[in-house]
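Here the structure is a predicted model, which means the values were calculated and not measured.
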Amino acid sequence: MRVGIAGIGFMGWIHWLAWKSVPEARVAAICTRNPARQAGDWSGIQGNFGPPGEQVDLTAVTVHGSLESLFADTSIDLVDLCLPPGIHADATISALRAGKDVLCEKPMALTLAQCDSMIAAARKSNRQLLVAHVLPFFPEYAFARSLIRNGSYGRLLGGNFHRTVANPVWVKGFFDPEVVGGPLLDLQVHDLHFIRGLFGMPDSVTGSGRLQDGLVEYSTSVLRFPGDEFVVHCTGGVIQQQGRPFTHGFELHLERATLQFEFAAFNDQAESMPLKLISADGQTTRPHLGDNDPVRAFVDELDEVRKVVTSQRANSSVLDAPLARDAISLCEAIARSVASRQTVKLKRSC
């Protein structure tokens, strides 16, 4: 499978690294407007995990300076969109119309209407549209999904999820609804997507939070499900203190066990309460989850993309576009609930 990466920033770099370890796939083209990166100098790329960028060999890679040129490249099977969220919808629809399968980075788009247009374009073009929600492939979350699926500790009862960071003032347009969309779409969408995958679609959400520039800055939400089958809470956003570390984690409740995980990236070091499986009789197990290489989750994610695209499977249980669309629906519902101070009912997914 020949891949064209659109956008060589931090996520484009991580995908470049991950594709190298995906069997039967290779990056055959890139698209960037940056002259230095067109020449292979990616040394200025730096993110909050993984190795920094470096000089890369683009000898066997076609370099495009525009999306139109990349989409017209007949040698490319899949377009991997690592672009700013505000242009996800337009770029995805253009790539689909050009006959490409598409992997779009999260968030799928900035509005539910854009998501619906993207799904409609994929159906009309008869091409695959996948959304790169990598969180379910991180080892703690992957273990939780597997344990819940096998049912060895009974049925799922509920859980608490959180994700918080300092206001990322270095991200241009973070609180612009047409560029990044704020913390709900950039941060909490991870957990809302994971919740949607585990529990299904809630009937309603009730949120409480603070606003900045009309967008939710920080919130906590109760998600209610049919028949009150599950008890689920989701909390997160940004704190207006630049020293505030990134933290995330969860506690999941099953009939005969509890799963707990916490991580914090303090300015001097990262600290973790590793994933623990606490059985009903009080026994605590700490599963071995590999070498902690953060790029490994992206390798697993992109290998799932390869399997879907090369086999033309109908969908992916994790990367399916309607699932990602529902996560955006939840973001919008929480935003409406926080602003109105009322419970917001949800429609069923398309």
Full working for side chain to side chain contact (heavy atoms under 4.5 Å, CB included) between W19 and I5: CA-CA 10 Å; W19 279 117; I5 299 178; 4.1 Å; yes
Side chain to side chain contact (heavy atoms under 4.5 Å, CB included) assessment of L223 paired with F199: CA-CA 10 Å; L223 290 80; F199 298 95; over 6 Å; no
Worked verdict on E24 versus M1 for side chain to side chain contact (heavy atoms under 4.5 Å, CB included): CA-CA 6 Å; E24 301 177 18; M1 186 176 73; over 6 Å; no
Step-by-step side chain to side chain contact (heavy atoms under 4.5 Å, CB included) determination, F143 to F138: CA-CA 8 Å; F143 182 92; F138 275 83; over 6 Å; no
From CA spacing to verdict: side chain to side chain donor-acceptor pair (under 3.5 Å), T32, N34: CA-CA 5 Å; T32 177; N34 185 306; 5.5 Å; no
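Between the side chain of K276 and the backbone N or O of P274, at least one donor-acceptor pair lies under 3.5 Å. Distance alone, capped at 3.5 Å, places no donor-acceptor pair between the E105 side chain and the L83 backbone. At distances below 3.5 Å, not a single donor-acceptor pair connects side-chain atoms of K124 with backbone N or O atoms of L96. Using modelled atom types, no side-chain atom of S43 and backbone atom of G53 make a donor-acceptor pair closer than 3.5 Å. Panel note: side chain S117, backbone A113; a donor-acceptor pair is recorded below 3.5 Å. H88 places no side-chain N or O within donor-acceptor distance of the main-chain N or O of L110, the cut-off being under 3.5 Å. At distances below 3.5 Å, at least one donor-acceptor pair connects side-chain atoms of W42 with backbone N or O atoms of R37. With hydrogens and angles disregarded, a donor-acceptor distance shorter than 3.5 Å links the side chain of R306 to the backbone of P23. With K106 contributing its side chain and H190 its backbone, the two residues share no donor-acceptor pair below 3.5 Å. Under the 3.5 Å distance criterion, the side-chain polar atoms of T285 are left unmatched by any main-chain donor or acceptor of P287.
Once rounded to the nearest 0.5 Å, the distance linking CD of E271 with CZ of F266 reads 5.0 Å. Note that the SG atom of C234 and the CD1 atom of I195 stand 4.0 Å from one another [nearest 0.5 Å]. With values rounded to the nearest 0.5 angstrom, R325 atom CZ is found 10.0 Å from R196 atom CZ. N160 CG to D191 CG: the interatomic distance, rounded to the nearest 0.5 Å, is 11.0 Å. Between atom CD of residue E251 and atom CZ of residue F261 there is a gap of 13.5 Å, rounded to the nearest 0.5 Å. Distance check, rounded to the nearest 0.5 Å: SG of C82 to CZ of F10 gives 11.0 Å.
D303 has a carboxylate O that lies under 4.0 Å from a charged side-chain N of K307, or vice versa, which qualifies the two as a salt bridge. Remark: D101 engages R127 in a salt bridge, criterion side-chain N to carboxylate O under 4.0 Å.
Side-chain contact between R224 and P202 is absent, with no heavy-atom pair separated by less than 4.5 Å. Between V216 and P183, every side-chain heavy-atom pair lies at or beyond the 4.5 Å cut-off. Side chains of F175 and N167 form a contact here, defined as non-hydrogen atoms less than 4.5 Å apart. In this structure the side chain of F161 reaches within 4.5 angstrom of the side chain of L252, judged on heavy atoms. Side-chain contact between M118 and V131: absent, with no pair of heavy atoms (C-beta onward) separated by less than 4.5 Å. Contact check for L192 versus C331: side-chain heavy atoms found under the 4.5 Å cut-off. A heavy-atom distance below 4.5 Å is found between the side chains of P51 and L17. By the 4.5 Å heavy-atom criterion applied to side chains, L185 and L215 are not counted as neighbours.
Note on L81 and I87: same hydrophobic cluster, where clusters join Ile, Leu, Val, Met, Phe, Trp and Tyr whose side-chain heavy atoms are under 4.5 Å apart, directly or indirectly. Transitive grouping of hydrophobic side chains (ILVMFWY, heavy atoms separated by less than 4.5 Å) keeps V231 and L346 in distinct clusters. Two different hydrophobic clusters hold Y218 and V338 under the rule that ILVMFWY side chains link at heavy-atom gaps under 4.5 Å. Cluster membership for V308 and L78, using ILVMFWY side-chain heavy atoms within less than 4.5 angstrom, is shared. Under a hydrophobic-cluster definition in which Ile, Leu, Val, Met, Phe, Trp and Tyr are linked whenever side-chain heavy atoms come within less than 4.5 Å, directly or via other members, L157 and L254 are assigned to different clusters.
T59 and D57 share a donor-acceptor pair across their side chains, judged by distance under 3.5 Å alone. Side-chain contact, Q188 with S219: a donor N or O sits under 3.5 Å from an acceptor N or O. With no hydrogens or angles considered, a side-chain donor-acceptor pair links T206 and T343 at under 3.5 Å.
Using a 30° and 60° split on the angle between ring planes, F194 and Y141 fall in the perpendicular class, above 60°. The aromatic rings of H133 and H193 sit parallel to each other, their planes meeting at less than 30°, with 60° as the upper class boundary.
M108 approaches A324 most closely through the heavy-atom pair SD-CB, 3.9 Å. Across every non-hydrogen atom of G237 and L187, the tightest pair is O-CD1, 3.6 Å. I76 and G4 get closest at one heavy-atom pair: CG2-N, 3.6 Å. The shortest heavy-atom contact between A89 and A109 is CB-CB, 4.4 Å. Nearest heavy atoms, Q55 versus D41: OE1-CA, 3.5 Å. Shortest non-hydrogen contact noted between C104 and L129 is CB-CD1, 4.5 Å.
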Only pairs under 3.5 Å count here: list side-chain donor-acceptor contacts from residues 145-156, not counting sequence neighbours, and write none if there are none.
| unit_1 | atom_1 | unit_2 | atom_2 | d |
| --- | --- | --- | --- | --- |
| N150 | OD1 | S152 | N | 2.8 |
| N150 | OD1 | S152 | OG | 2.8 |
| N150 | ND2 | S146 | O | 3.4 |

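The environment of CD in E178 is sparse: at most 12 heavy-atom neighbours from other residues, nucleotides or ligands sit within 6.0 Å. Annotation: Q241, atom CD; neighbour count of heavy atoms from other residues, nucleotides and ligands within 6.0 Å does not exceed 12.
Results of the side-chain contact (heavy atoms from CB on, under 4.5 Å) test with W16 over I8, I30, V3 single out I30 as the only residue that passes.
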